Amino acid sequence: MAQQGFQLDLNLCTGCHACVIACAIENELPWVASWRRVDTYNPDHIPQLPLHHLSLACNHCAEAPCAKHCPALAYDRDPRTGAVLLDADKCIGCRYCTWACPYDAPHYDATAGVVSKCTFCNHRQLEGLHPACATQCPTGALTSGDLESLIGIADVPGFPRTEAEPSIRFVPLRGEAPYPAQAAAFAHSVLPLQPREIASKTSLRSEAPLLIFSLLCALLVGFMATTSGRAVMPLPVFIVGVAIAAGASTMHLGRKERAWRAVLNWRDSWLSREIIMFGIFAVLGTVSQMAGLFLPWIGTYVALSGVALLFAIDRVYGVTRTPGLEWHSARVLWTAILVAGLVAGDPRVWGGVVLLKAAAYLARKLNRRRTGRTTRPVPSALRCCVGLLLPTLMLWLGGDTLRPLAWMVLALGETIDRGEFYLELEIPSPAGQMHIDLAAARRGPGAN
Amino acid sequence: MPVYTSACPRNCYSTCSLSVHVEDGRLRRIEPHPLNRATPEGPCLKGLSYVERAHSPDRILHPLRRTAGGAFERVSWEVALTEIAAQLTRIRAKHGPQSVMYYAASGTKGILNGVGAGFWRLFGGFTTTYGDLCWPAGLEATRLTLGENKHNAPWDLENTRLIILWGKNTAETNIHQGVFVEKALQKGAQLVVIDPRRTQSSERAQLLIQPRPGSDGAIALAVAKLLIARGAIDYEFIDRHVLGYEEFAASLDPCSVAWAAEIAEVPAAQIERLAELFATRGPVSINAGFGMQRYSNSGQTMRAMLALLAITGNLGKPGAGWIFADLQSHVFDAEKDPIASFPPEVPDGVARVSISTARLGEEMLAQRDPLLKFLWVERGNPVTQNPDTNRVLEAFRGLDFRVVVEQFLTDTACEADIVLPAKSMFEQSDVINAYWHPYLQLKQKVIEPPGEVKPESEIYWALGASLGMSEAALHSILPSPGDTGVEAYLARHLAPLEGVTLEKLREGPVLVPGHDEVVFADGVFPTPSGKIELRSEEAARRWGVDVLPSYAEPVESKRSRPGDDWLYFMTPNTKNRIHSQFNNLQSIRAVSPKPSLQMHPDDAGARGLKNGQRVRIHNDRGSLELPVQFDLGIKPGCVATTNGRWISEGGTVNFCSLGRETDLGHGAAFHENLVRVERA
């Protein structure tokens, strides 16, 4: 059997949800946790724009991002059907694949502590049957077969466009925008509809361990990267810091006992690399604090491993494809440079980073406002005035006396910034893509 | 794993054939049955959800009795039946048997449903309803015009060149028809949808006409006038098969496009476009929905729509015709609907058929000599589904004793003194017909009833014994208890049908012997004149309507009831329910949108309402509360929410409806409602 794929005929799909229920029955899933879901394009019936549904589960991509980014090597492909399968016994419950997949296919099961996802009904396919969803579609809109033989396109409104090479083909809607007469009759009454809120996959509560881990790493690296910093940080403090960071990142896992698996995919996953670099940094930092006098060269390696760790942390979030992430003011590498500059007492360094952060922060907020996203004015004001402006003035004018206070308010500002970073992560999904494409269609020619 | 042929017995067009997979006495999955040409792709989400429904922890598995505190307690069958028998005996002695009311509705199909009325006859008499909530106006309009309710086979729709879905949202109520619509469209057919809402079914339409609810008849008459004026009619067909054409044509004098456009509040160009499509593309099929014939003028509306097909010769041909109800498979009825549901002209003294289903609450309260004292309900949920819920509740609560046979604690079951556990479709075999395709099917027993559940036929057997009826008497109307008794009963009913046996039905659906795939092809119309009757003396005599199809404003409309803030309250069906069934299941709830009131932003703006805001929908009959959901596809002036929600889910739409009959057929005109909407 060659790579199998799904085919969805948008002319036939009525959004009836039989496929969603069929999936839950076949795979004995809780009713609310079917692997298949249906998203609707233009649910408010904006005149002159068509409405269609996308029934989607896993697309069993040729270049599956879930498998590529999984740190624990828990994903595999059945060569007989091309099904991308998740081994629940190998999954560590880090949820990284739920960020990496643009189609919202893997879902975290909090009870089991692991991710669960569509198996393409591999057990059925190996018996010569079609997946349950395709078998049970009452209009024949959803079918499956040899991907090569399936007609259709992979680009329809609401379907995230990626390089993953999804194994799905859509038969697009026939014809032009429907019934212009209806649009003409009601054209006067098209109001700017409130965008339907798309549930964010990240929240401060769920990502708090990552917030602690990443800020703590920035702080530790900032200290350890300078000779003076290493000198003022006692070994027990360093070890406690490392232990808290390690604990926080482990806390985040659904299956903590399998945390060791997180390093397995060092070839492909920035998450594995992050964990490995964290380990190297922790070991080198400890050795340096214990025996730095005897190993004068080690400081350089501590600093290098720290920078590599922070670089990896920042790269981890690239998988979300959040726009503007490269110049995000909450990048941990910048935070570490800020800390290092402060420890070294070099106003050129910390002053430069403060200016860079302020500029990046403002640019980001303006961009969010321009694109209709929430800007959170109160935390923004706190971040800029208390978190950047005030400590700068205190350090500049107050000298040593105000330094501890300045550091504390600066830390508050960094925490706010990093917290917002987690709130602003944008993980692509069909629901989000529908929103983006619908907004574009409304602005475009022919739409009201 | 054993796999059984079965069929879904719900009150639904599709009446799907099913392959039921059973494992260790439980349903494992339900798959498509390839032998049904109308539903080859398999059941809808509701059909799949039987896997949950049959084994739901919410099923009633034992008789329940209301306690003094108002809660239900589990009692044995013996206690329940003894108490019911005692009440029946006392009430019969004191008030006469007709103080007992028997109410059954469309919860499930099957020949065995007939045993209920037989039992109450044996009891000595009873009171019951006439008419029907569902479809009588359309059935009667069709019977008066064509002589018989039948239509071309579902798969014939592929041959149609112009498909008109008139008040029918196929995608939600008859999803399998959508497959044939799509096949026709692929072959180049055009699709016209006439519906005040932009629905899933109108997404593929070339023309969507959104009339004011209840005004469709005016559009049909204006199109007829245009077609006649253009000569785009079939003179030869009219000569041979149509009665009253000349008179009808003459009566259309005032029915200009401008007249209809003004009444229906649609652009005149859309009516002209519809006429042009009618004139240039044949064969034409009109697929008329049930919802649109629940208005006080809808029988006449349906006659006007039928006239369009008659004058253009779109009857008796492949791809053409009137798709409303195909009763060819209703071979077990001595008399078919709608006649079967009319009250007898001469009462037989046993059954008092005196309550219009449409006015259930009001007329139960109005019964005298004797007053109603006892109510038996099966296969129905009249509290949420019949018009004017508050009156129904008043009538129910005024009785001495109520028994409800149910699978779940519905709002009606909650009104009972004793609830008896009802079987599911998988727990007793029965033979069912359909009204969209001409198949007979076996709804097969595949599992044992859970708990202490008894099929109704066995409940009656046990109750009869408690009442002291003799076994011989019970035998005359009931199958004897047990599977063999049921099979013998079914076999007896199948015996007159050539080639239809239980053995054959176990393999798959069987086309009813003698059915026509293309109906009226022989030109035989069993009306009094033998022709298609545009002019119907019987319509005038029986119902007091115009002898010809004509337009009359509905009783309750914005034109007949002044006040600018009224809105038309539309209460369509959803794909997620059959009336009030299925929405208590977790599988269905998981995919159902939150209950809401669809409203055009213009109407919301005029009332200062924001999207998502909770509103009170009310009129002089009652009220319910829902959040508003803006919808740019609904006709301004109309609001809509799907019917069938339980009171516990926020309120049935029938709090706002009125017990009112349709102009023809004793139907319920309960879609004809004006409401006000304001911030809750």
Side-chain angles (χ1 to χ4, degrees), chain A residues 9-26 28 30-34 37-38 40 42-47 49-53 129 132 135-143 173-175 178-186 188-194 196 448, chain B residues 14 16 28-32 39-45 47-49 51-52 171-172 175-176 178-179 182 185-186 198 200-210 266-267 269-270 273 575-576 585-592 600-602 605 610-612 629-636:
Chain A
D9 186 337
L10 302 191
N11 299 287
L12 273 169
C13 177
T14 65
C16 79
H17 290 90
C19 49
V20 176
I21 291 183
C23 171
I25 290 172
E26 180 65 30
E28 302 185 319
W31 297 115
V32 291
S34 175
R37 49 180 289 172
V38 176
T40 302
N42 192 16
D44 299 317
H45 295 121
I46 295 163
L49 289 182
L51 176 151
H52 68 253
H53 309 278
L129 301 168
T135 305
Q136 302 283 37
C137 174
T139 64
L142 183 67
T143 50
L173 292 179
R174 271 189 316 277
Y179 33 82
Q182 187 240 359
F186 296 154
H188 67 283
S189 41
V190 178
L191 300 181
L193 285 186
Q194 289 291 321
R196 294 191 178 194
N448 286 298
Chain B
S14 296
C16 297
R28 177 62 185 94
R29 67 172 80 82
I30 291 174
E31 293 216 338
T39 65
E41 304 287 355
C44 72
L45 74 164
L48 301 180
S49 78
V51 170
E52 179 193 0
E172 299 221 39
I175 190 168
H176 305 88
V179 178
E182 173 63 16
L185 294 180
Q186 275 177 9
R198 175 175 167 184
Q200 179 64 44
S201 306
S202 67
E203 289 304 317
R204 307 272 65 75
Q206 281 84 5
L207 176 64
L208 169 63
I209 302 179
Q210 298 187 280
V266 298
Q270 291 187 344
R273 177 74 187 136
K575 67 183 177 64
N576 293 358
L585 303 181
Q586 301 306 314
S587 52
I588 298 293
R589 288 197 175 179
V591 300
S592 295
H600 196 279
D602 283 1
K610 293 195 184 73
N611 207 4
Q629 171 66 56
F630 282 6
D631 188 333
L632 287 159
I634 192 169
K635 186 179 182 70

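Chain identifiers are assigned alphabetically (A, B, ...) following the order of the sequence lines, protein sequences preceding nucleic acid strands; residue numbering begins at 1 within each chain. Everything numeric here is computed off the predicted structure, so don't read it as measured data.
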Trainee: With only heavy atoms counted, which part of B:I30 is less than 4.5 Å from chain A, the side chain, the backbone, both or neither?
Mentor: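 When you check distances to chain A, only backbone atoms of B:I30 fall under 4.5 Å.
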Trainee: At what distance, to the nearest 0.5 angstrom, does CZ of B:R204 lie from CZ of A:R174?
Mentor: 7.0 Å
Trainee: First locate atom CD1 of B:I634, then atom NE2 of A:H45, and finally report the distance between them rounded to the nearest 0.5 Å.
Mentor: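 Rounded to the nearest 0.5 Å, the CD1-NE2 separation comes to 10.0 Å.
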Trainee: How many angstroms lie between CD1 in B:I175 and SG in A:C137, if you round to the nearest 0.5 Å?
Mentor: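 Output value for this atom pair is 7.0 Å.
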Trainee: If you take all heavy atoms of A:Q136 and B:P32, which pair is closest and at what distance?
Mentor: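 Reported closest heavy-atom pair: OE1-CD, 3.2 Å.
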Trainee: Look at A:P30, A:S34, A:A24, A:P138 and state which one has the largest set of heavy-atom pairs under 4.5 Å with chain B.
Mentor: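 Of A:P30, A:S34, A:A24, A:P138, A:P138 has the most heavy-atom pairs under 4.5 Å with chain B.
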Trainee: Can you measure from CG (B:N611) to CG (A:D44) and round to the nearest 0.5 angstrom?
Mentor: 7.0 Å
Trainee: Which residue out of A:T135, A:V38, A:D9 racks up the most heavy-atom pairs below 4.5 Å with chain B?
Mentor: A:T135
Trainee: Can you name the nearest heavy-atom pair linking B:L632 to A:P47, along with the distance?
Mentor: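 Shortest heavy-atom contact: CB-CD, 4.1 Å.
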Trainee: Would you check if the side chain of B:E182 reaches a backbone N or O of A:L12 as a donor-acceptor pair within less than 3.5 Å?
Mentor: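 Side chain of B:E182 to backbone of A:L12, a donor-acceptor pair under 3.5 Å: no, none is there.
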Trainee: Taking all heavy atoms of B:A171 and all of A:T14, pick out the closest pair and write down the distance.
Mentor: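 It is CB-CG2, 3.9 Å.
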Trainee: Is B:V51 in contact with chain A via its backbone, its side chain, both, or neither, using a 4.5 Å heavy-atom distance?
Mentor: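 Just its side chain gets close to chain A.
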Trainee: What heavy-atom pair brings B:R28 and A:I25 nearest, and what distance separates the two atoms?
Mentor: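 Nearest heavy atoms, B:R28 then A:I25: NH1-O, 2.9 Å.
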Trainee: Select, from B:L585, B:I588, B:L48, the one with the greatest count of heavy-atom pairs under 4.5 Å involving chain A.
Mentor: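 Heavy-atom pair counts peak at B:L48.
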Trainee: Side chain, backbone, both or neither: which part of A:V20 has a heavy atom under 4.5 Å from chain B?
Mentor: side chain
Trainee: Between A:H53 and chain B, which part of the residue has a heavy atom less than 4.5 Å away: side chain, backbone, both or neither?
Mentor: side chain
Trainee: Please check if the side chain of B:Q200 supplies one atom and the backbone of A:L51 the other of a donor-acceptor pair under 3.5 Å.
Mentor: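 Answer holds: no.
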Trainee: Name the member of B:S587, B:S14, B:G42 that forms the most heavy-atom pairs with chain A at distances under 4.5 Å.
Mentor: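 That would be B:S587.
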